[in-house]
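Step one of this worksheet: look at the structure below.
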There are 2 protein chains.
Amino acid sequence: MKAPGSTTAVAGATGTSPSEGGERKSINPELWYGCAGPLVSLPPVGSLVVYFPQGHSEQVAATMQKDVDVQIPNYPNLPWKMICLLHNVTLHADPETDEVYAQMTLQPVNTNDKEAFLASDLSPKTNRLQTDFFCKTLTASDTSTHGGFSVPRRAAEKIFPPLDFSMQPPAQELQARDLHDNVWTFRHIYRGQPKRHLLTTGWSLFVSGKRLLAGDSVLFIRDEKQQLLLGIRRANRQPTNISSSVLSSDSMQIGILAAAAHAYANHSPFTVFYNPRASPSEFVIPLAKYNKAIYSHQITLGMRFRMMFETEESGT
Amino acid sequence: MKAPGSTTAVAGATGTSPSEGGERKSINPELWYGCAGPLVSLPPVGSLVVYFPQGHSEQVAATMQKDVDVQIPNYPNLPWKMICLLHNVTLHADPETDEVYAQMTLQPVNTNDKEAFLASDLSPKTNRLQTDFFCKTLTASDTSTHGGFSVPRRAAEKIFPPLDFSMQPPAQELQARDLHDNVWTFRHIYRGQPKRHLLTTGWSLFVSGKRLLAGDSVLFIRDEKQQLLLGIRRANRQPTNISSSVLSSDSMQIGILAAAAHAYANHSPFTVFYNPRASPSEFVIPLAKYNKAIYSHQITLGMRFRMMFETEESGT
DNA sequence: TTGTCTCCCTAGGGGAGACAA
DNA sequence: TTGTCTCCCCTAGGGAGACAA
């Protein structure tokens with residue numbers, strides 16, 4: 001068991017250490033958003049949001065594969081949308097796969113509270129990252145057992161600390177932290193004919209530790225303290241299909257609806273998980289965004305918000 | 001993607017193949033019971049069982065770590081126990097960890113149907129394995145990178161095909177299927193001074209593929225067709241703490257209770273997952289066993305069935 | 001009987017420039 | 001500019017008996 005706080009794990013701390021449960025410290029938001037992709041945004045804490053129980057249920061149905069199509073009981077007191085106050089958002093990453101997700105605490109509010117409605121303005125506070133970063137899709141050579149990672153020239157010059165070109169060849173040691181605050185160490189060298197930037201020593205441990213394959217992407221961010229952050233985005237592989245082994249998907253569906261109905265009846269807070277890369281539909285959206293869509297007739301009753309599909313190039 | 005049916009994967013089919021979802025064919029019951037441990041038994045299909053919603057809820061609470069202690073709504077129509085007909089049992093194994101679990105379809109029955117009660121006799125139909133098998137807890141040497149697996153003499157002679165002792169040294173190739181029907185190939189050799197049975201080539205791939213550590217156990221079974229089956233039992237490590245990323249534990253708790261209440265009200269079937277190694281309490285037990293306990297005053301209202309703790313030696 | 005050590009030897013992998021797209 | 005190949009070298013690890021618990 002490591003001490004909490006900054007774990008200065010030596011290079012080669014294979015991320016597969018199965019002993020650590022949960023996250024030791026809070027996830028870096030820039031890195032989280034980087035891994036989530038350019039199209040993902042979360043409503044700000046304290047704002048009003050619209051929660052769609054049905055959309056939420058669909059995310060879970062998409063994550064699990066439904067086993068049987070048992071009828072779900074009706075929840076007559078459950079509306080198709082609920083105006084909620086977003087109390088809390090915590091960012092998470094699966095310790096096994098580095099998959100990012102968010103936990104949100106919602107509290108249903110009185111719908112006829114006109115004041116609250118007006119308070120939610122349309123300030124486009126894009127809490128998205130503006131920091132310097134680069135994202136590269138891994139080639140077959142990058143993930144092969146022979147040799148390291150070929151760093152695009154522009155990317156290396158923009159993100160990495162400058163090399164001392166008086167050395168022959170110019171090289172340095174890079175340290176980068178992943179979502180779990182593990183430190184990965186790489187040898188960054190500028191060599192070859194023609195010259196190019198490469199990550200050699202340490203790279204293969206990262207690839208095997210994160211179980212990366214050609215087609216997956218890596219993401220380097222230089223934060224405001226000039227520290228390097230390191231994330232991954234996996235290619236869209238099969239939907240994991242974690243058949244749960246804990247709860248039937250029926251019970252999950254029911255659980256979502258019953259929890260929402262209970263919270264709605266009591267105006268009590270409840271908790272949802274939002275997995276930006278797994279789900280096709282957003283089920284928690286800013287009230288302002290919803291209102292705007294309503295009033296510009298872009299949405300009609302029964303329609304749902306759908307996330308645009310990410311393109312391969314996005315965020316590169 | 002492999003063809004369904006018997007996949008004659010070559011030795012070294014690392015079980016970590018992340019592409020296969022679900023099981024291709026039904027799990028071998030003998031192997032499943034072997035991996036589950038000697039104290040686990042499942043009620044026979046078609047029999048009457050007692051289902052405890054609270055015990056079920058506790059298993060899930062034990063599997064997840066509860067994040068917040070939000071109050072669970074009351075389900076006034078939900079009794080503390082439900083007599084159910086066990087419609088169906090399917091055996092499963094987690095494709096990542098090989099953890100065994102069972103899926104059961106239950107249907108609440110009319111409690112005042114005396115006839116059904118009497119029909120559930122106490123025939124101790126122990127559907128447990130009587131086949132030849134051995135189970136060994138892995139030593140540091142067994143899991144080290146240098147060398148293979150030391151097979152206990154009695155075990156090798158009882159389970160493995162006999163060696164041809166005219167060879168020098170006597171050796172053969174063994175093939176064994178795991179829970180997912182993957183074939184693992186090992187070189188079985190009798191050598192050393194003093195002589196002993198060893199598994200060499202192929203063993204380290206198995207250890208790394210299953211991510212076995214010293215203290216975990218392996219299990220070899222010879223079935224009625226003289227085929228070798230191969231399973232694992234992991235040492236009791238930390239409770240995985242899969243913080244789900246899908247559903248809050250509150251929603252799960254609610255889902256269990258609401259699903260049970262719904263099924264109870266409508267006499268409709270519902271599905272539960274039973275994880276024998278994760279949960280401290282059984283929540284589906286044969287009605288006959290329950291009645292026997294009741295009538296011999298071994299159980300009182302409010303008590304729950306608890307599984308004995310397995311000892312390290314059990315099943316060896 | 002079997003767990004651990006050490007020794008030996010080889011296969012696989014890291015690290016380099018060549019070469020071409 | 002950068003993806004792939006091949007070559008070279010070295011080390012991690014498999015496979016063997018020694019030895020002791």
Side-chain angles (χ1 to χ4, degrees), chain A residues 11-12 14 134-158 160 167-173 185-209 212-218 316, chain B residues 11-12 14 134-158 160 167-174 184-209 212-218 316:
Chain A
T14 47
F134 81 88
C135 180
K136 183 194 176 189
T137 300
L138 297 178
T139 66
S141 298
D142 289 330
T143 54
S144 93
T145 55
H146 285 251
F149 173 68
S150 184
V151 189
R153 171 166 242 261
R154 307 295 191 85
E157 291 170 349
K158 187 173 63 163
F160 293 163
M167 299 170 69
Q168 203 44 243
Q172 65 182 334
E173 186 181 77
T185 306
F186 305 105
R187 177 174 167 85
H188 169 209
I189 191 169
Y190 185 70
R191 64 163 172 79
Q193 201 51 250
K195 293 274 178 286
R196 89 279 309 276
H197 291 269
L198 296 165
L199 298 186
T200 57
T201 313
W203 174 252
S204 73
L205 282 171
F206 179 70
V207 169
S208 59
L212 295 173
L213 301 176
D216 297 337
S217 301
V218 291
T316 314
Chain B
T14 47
F134 81 87
C135 179
K136 183 196 175 189
T137 300
L138 298 178
T139 66
S141 297
D142 289 330
T143 53
S144 93
T145 54
H146 285 251
F149 172 69
S150 183
V151 190
R153 172 168 244 262
R154 309 294 192 84
E157 291 170 350
K158 186 172 66 163
F160 294 163
M167 299 170 66
Q168 204 42 247
Q172 65 183 331
E173 186 181 77
L174 293 184
W184 299 87
T185 307
F186 305 105
R187 177 172 167 84
H188 169 209
I189 192 168
Y190 185 71
R191 64 160 171 82
Q193 200 50 254
K195 293 274 178 287
R196 89 278 311 272
H197 290 269
L198 296 165
L199 298 186
T200 58
T201 313
W203 174 253
S204 72
L205 282 170
F206 179 70
V207 169
S208 58
L212 295 174
L213 302 176
D216 296 338
S217 301
V218 292
T316 315

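Only a predicted model underlies this, so the values are computations on that prediction, with no experimental measurement involved.
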Note to self: I'd like to check B:F186 versus B:F160 (side-chain heavy atoms, cut-off strictly below 4.5 Å). Are they in contact?
What the structure shows: no
The dot-bracket string of DNA chain C, counting Watson-Crick and G-U wobble pairs with both distances under 3.5 Å, using [ ] for crossing pairs and | for pairs to another strand, is |||||||||||||||||||||
Would the distance check show the side chain of A:K195 and the main-chain N or O of A:G192 forming a donor-acceptor pair, the cut-off being under 3.5 Å? yes
Between CH2 of B:W203 and P of D:dG15 the distance, given in whole Å, is 13 Å
side-chain hydrogen bond (donor to acceptor under 3.5 Å, both in side chains) filter on B:Q172, not counting sequence neighbours, yields B:H188
Within residues 139-151 of chain B, the residues having a heavy atom closer than 4.0 Å to DNA chain D are B:T145, B:H146, B:G147
Would you list the atom pairs, donor with acceptor, under 3.5 Å between side chains in residues 146-153 of chain A and any protein atom, with sequence neighbours excluded?
{"from": "A:R153", "atom 1": "NH1", "to": "A:E157", "atom 2": "OE2", "distance (Å)": "3.2"}
{"from": "A:R153", "atom 1": "NH2", "to": "A:Y190", "atom 2": "OH", "distance (Å)": "3.1"}

Sorted by chain and residue number, the side-chain contact (heavy atoms from CB on, under 4.5 Å) partners of B:A140 (sequence neighbours excluded) come out as none
DNA chain C: first to last nucleotide in contact with chain B (atom under 4.0 angstrom from a heavy atom), 5' to 3', is C:dT1 to C:dC7
Within residues 189-201 of chain B, the residues having a heavy atom closer than 4.0 Å to DNA chain C are B:P194, B:K195, B:R196
- prompt: Below 4.5 Å, heavy atoms only, C-beta onward: do A:T143 and A:L213 meet side chain to side chain?
  reply: no
(Q) Evaluate B:W184 against B:L199 for side chain to side chain contact (heavy atoms under 4.5 Å, CB included), listing each step before the verdict. (A) CA-CA 12 Å; B:W184 299 87; B:L199 298 186; over 6 Å; no
Between A:G215 and A:T137 the two heavy atoms that sit nearest each other are O-CG2, 3.4 Å
**Asked** Would you say the side chain of B:L138 lies within less than 4.5 Å of the side chain of B:V218, judging by non-hydrogen atoms?
**Response** yes
With sequence neighbours left out, the residues meeting side-chain contact (heavy atoms from CB on, under 4.5 Å) with B:R187 are B:A171, B:I189, B:T200, B:T201
Residues 139-150 of chain A vs salt bridge (Lys or Arg N to Asp or Glu O under 4.0 Å), sequence neighbours excluded, gives A:K136-A:D142
For the pair B:W203 and B:L198, evaluate side chain to side chain contact (heavy atoms under 4.5 Å, CB included) and give the outcome as yes or no after the intermediate values. CA-CA 10 Å; B:W203 174 253; B:L198 296 165; over 6 Å; no
